[in-house]
Amino acid sequence: MRRDRLLVAVTLVTLLAADVHFILLPRLRTWCHLPRGSCSCTNSSLENTPAATVLWTTSLNMTAVSTEQGSKLEQLFRHPLYNIRLPDLGPEEWLLQEDELMNYCKRKVSRWERLKKFYIEAAAASNITIPDHPVTFDPEASWLQFHLGISRYALYSGDDSSIDRLLRDMQTATVISADFTQDEKALKGACDCSQVVKPSGLHLKLALKLQDFSKAMFKPMRQERHEETPENFFYFVDFQRHNAEIAAFHLDRVLDFRRVPPVTGRFINVTGEILDITHNEELRSVFFTSPANNTCFFAKCLYVCKSEYAVCGHPDLLEGSMSAYLPGLSIAPRISIPNPWIRAYSFTGREEYAGTFTHTKSLEWEVNPLYCDNVKKLYPYNSGNRLLNIIDMAIFDFLTGNMDRHHYEIFTKFGDDGFLLHLDNARGFGRHSHDEMSILAPLTQCCMIKRSTLFRLKLLAQSEYRLSDVMRESLSRDPLTPVLTEDHLQALDRRLGQVLRTVGNCVKKLGEPQVVITDFVESSRVTSSHR
């Protein structure tokens, strides 16, 4: 028996040695020669239909891409979560076709040249000299490529090089004309209101035309970066901040939403680049020289646009934000829709939007924790992605601290399944010391979030891709850096934690399958019925 046991033991040892030599050792050699931080992840992709799913699980390795080489921002944009391959897009999934856009723009250029000639002649008769800047229309211009890149999924793709070119062009291109914006004109009855999505007119902003025939909305600096919104201010009388517009664009890009038009900072000479070139006599009339010998101007509108609310250069230079215009409404119609979680816009708490909601002292969502159940029964929130997109927007607004999202806009071409435009973000970043939890009401009441949104938020909560770090790096590329104070950057991390805790509480209460929703759910309703 002892000899048999010895034979069995020798046999087992021999087999074990063979396994080590022929199987384990080659694997160990392979593992040891892998580059540090290597990743076997492949880019996630979407199938060729809008209803396709992204097969992710919460066990996804969020740190699949090493951050030891290069910047955190560049590594973030190389992460598989930021490189999801969309299906091939057909003509109906692009907002504009090239021939259509080019013909439209050429007609606009011709009209501009005719009107400019008449105005210069009229100004000369009045002994007013207007510089004659020729338009350099280029079919390859960055703003045209931006317009052509708008699809049903986003305003631009993650690898669209024209966006960075557009930012540079808005920083440096010659300004050839300045005017009030269309919504301010509409409020005064000076233009066709059908060409305006949502008139506002509360704060001074200008439409600047650049030499390549692009347009940018200029919002001047009204508040220093370190100044917080006074705690007794209502959100609807708060200043609009130019740096908030800039920071919101960068945050939208970092979150991979791509629903905010490109925005950059720029110094404008208010004499040479506004007063001397405007064709609007009313705009010329609101310029004056302050006691400090600075050139100032204000707007004539319905609310706070008076001389005491003027903005002034130092003595002529004024910093502000330059936001790229979207394609015109006549070629790319869009509609404005009241936010289901709209706020009261008066000191008494009574809603000003007549016919939109009932005029109650407290809006229903503020007092009814089950309010979302009612919203889910209503069109267009009862199917498709619309409600999930509202929740994305609420998370975005919570991170910036923007309470002023009374409406949202969509392109009509894409129907109910199109993305929401995150426009007019100037009331964000007002108070870094306060987190306004009511902004998160759509998330807390509905307990739903897109899977892709949640995973990107989790990624940005990790030290390798910390939100404040990638935002600081992204904003450092703007000419007006520092765009945000360090306190505002740290507030982003704190608020991101609040969002993730809110989602965690929902998962504990309802379970992950009911809370974390697969992206790109196609609407059951025919989209053309709402046009």
Side-chain angles (χ1 to χ4, degrees), residues 43-54 77 80-105 139-167 197 214 249 252-263 323-335 337 380 384-386 388-390 392-393 396 408-423 450-453 456 518-523 525-528 530-531:
N43 289 356
S44 303
S45 63
L46 299 176
E47 297 300 326
N48 204 22
T49 112
T53 62
V54 184
F77 289 152
L81 284 176
Y82 287 74
N83 290 277
I84 300 169
R85 189 173 64 253
L86 290 173
D88 293 333
L89 303 182
E92 289 305 309
E93 293 180 299
W94 296 102
L95 181 65
L96 298 170
Q97 300 302 308
E98 185 171 2
D99 290 344
E100 174 190 25
L101 178 60
M102 293 304 166
N103 291 334
Y104 170 81
C105 292
E140 298 298 321
S142 57
W143 67 276
L144 285 169
Q145 299 308 307
F146 163 53
H147 288 179
L148 288 172
I150 300 173
S151 73
R152 72 160 50 251
Y153 296 106
L155 285 174
Y156 54 91
S157 63
D159 59 354
D160 188 348
S161 61
S162 70
I163 301 304
D164 287 329
R165 286 200 296 124
L166 177 56
L167 295 175
V197 173
S214 62
F249 163 68
D252 173 81
R253 205 176 188 182
V254 162
L255 293 173
D256 203 37
F257 287 158
R258 290 171 277 123
R259 300 164 199 169
V260 175
V263 185
S323 304
Y325 264 70
L326 295 171
L329 294 174
S330 59
I331 192 174
R334 60 185 195 271
I335 56 174
I337 301 172
N385 285 318
R386 184 67 63 84
L388 289 169
N389 287 337
I390 291 284
D392 274 354
M393 185 172 65
F396 175 74
Y408 62 87
E409 296 180 24
I410 60 171
F411 290 110
T412 57
K413 178 175 181 176
F414 302 135
D416 296 337
D417 292 322
F419 63 92
L420 310 188
L421 291 162
H422 296 174
L423 305 178
K450 289 182 182 178
R451 189 178 298 274
S452 61
T453 299
R456 285 193 295 269
T518 301
D519 293 29
F520 302 102
V521 179
E522 191 171 26
S523 174
R525 181 182 290 262
V526 178
T527 57
S528 60
H530 189 54
R531 294 184 184 181

Value rounded to 0.5 Å, distance of [atom1] in [X] from [atom2] in [Y]:
X: Ile84; Y: Ser452; atom1: CD1; atom2: OG; answer: 6.0 Å
X: Leu81; Y: Arg451; atom1: CG; atom2: CZ; answer: 12.0 Å
X: Leu167; Y: Phe249; atom1: CG; atom2: CZ; answer: 5.0 Å
X: Ile331; Y: Leu96; atom1: CD1; atom2: CG; answer: 5.0 Å
X: Glu409; Y: Leu423; atom1: CD; atom2: CG; answer: 5.0 Å
X: Asp519; Y: Asn385; atom1: CG; atom2: CG; answer: 7.5 Å

Legend entry - Lys/Arg N to Asp/Glu carboxylate O, Asp392 vs Arg258, below 4.0 Å: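 Answer for the salt bridge query: no.
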Legend entry - Residues Arg152 and Asp417 bridged, charged N to O under 4.0 Å: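 Salt bridge absent between Arg152 and Asp417.
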Quick check against the 3.5 Å criterion: does [X] have a side-chain atom that pairs as donor or acceptor with the backbone of [Y]?
X: Gln145; Y: Pro139; answer: yes
X: Ser142; Y: Ser162; answer: no
X: Asp252; Y: His422; answer: no
X: Asp416; Y: Gly384; answer: no

Inset, instruction - Check the surroundings of atom CD in Glu98: do more than 12 heavy atoms from other residues, nucleotides or ligands lie under 6.0 Å from it? - result: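 Atom CD in Glu98 is not packed in, count stays at 12 or less.
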Measuring only between side-chain heavy atoms, which start at C-beta, is [X] closer than 4.5 Å to [Y]?
X: Pro262; Y: Phe146; result: yes
X: Phe411; Y: Leu421; result: yes
X: Cys105; Y: Leu144; result: yes
X: Pro87; Y: Tyr153; result: yes

Inset, instruction - Run through Arg253, Arg259, His147 and flag the one making a side chain to side chain contact (heavy atoms under 4.5 Å, CB included) with Tyr156. - result: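 It is Arg253; the other options fail the test.
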Between [X] and [Y], which heavy-atom pair has the shortest distance, and what is it?
X: Tyr82; Y: Asp256; result: CE2-CB, 3.5 Å
X: Phe257; Y: Phe396; result: CE1-CB, 4.1 Å
X: Leu255; Y: Arg456; result: O-NE, 2.7 Å
X: Pro380; Y: Arg386; result: CG-NH1, 3.2 Å
X: Trp94; Y: Leu148; result: CE3-O, 3.7 Å
X: Leu155; Y: Leu326; result: CD2-CD2, 3.8 Å

Inset, instruction - Let me see the working for Asn83 and Phe77 under side-chain contact (heavy atoms from CB on, under 4.5 Å), right down to the final yes or no. - result: CA-CA 8 Å; Asn83 290 277; Phe77 289 152; 6.0 Å; no
Inset, instruction - For Asn389 and Lys450, test the side chains for any donor-to-acceptor distance below 3.5 angstrom and give the result as yes or no. - result: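 A pair is found: one side chain offers a donor N or O, the other an acceptor, under 3.5 Å apart.
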Legend entry - Evaluation steps, side-chain contact (heavy atoms from CB on, under 4.5 Å), between Phe419 and Ile410: CA-CA 7 Å; Phe419 63 92; Ile410 60 171; over 6 Å; no
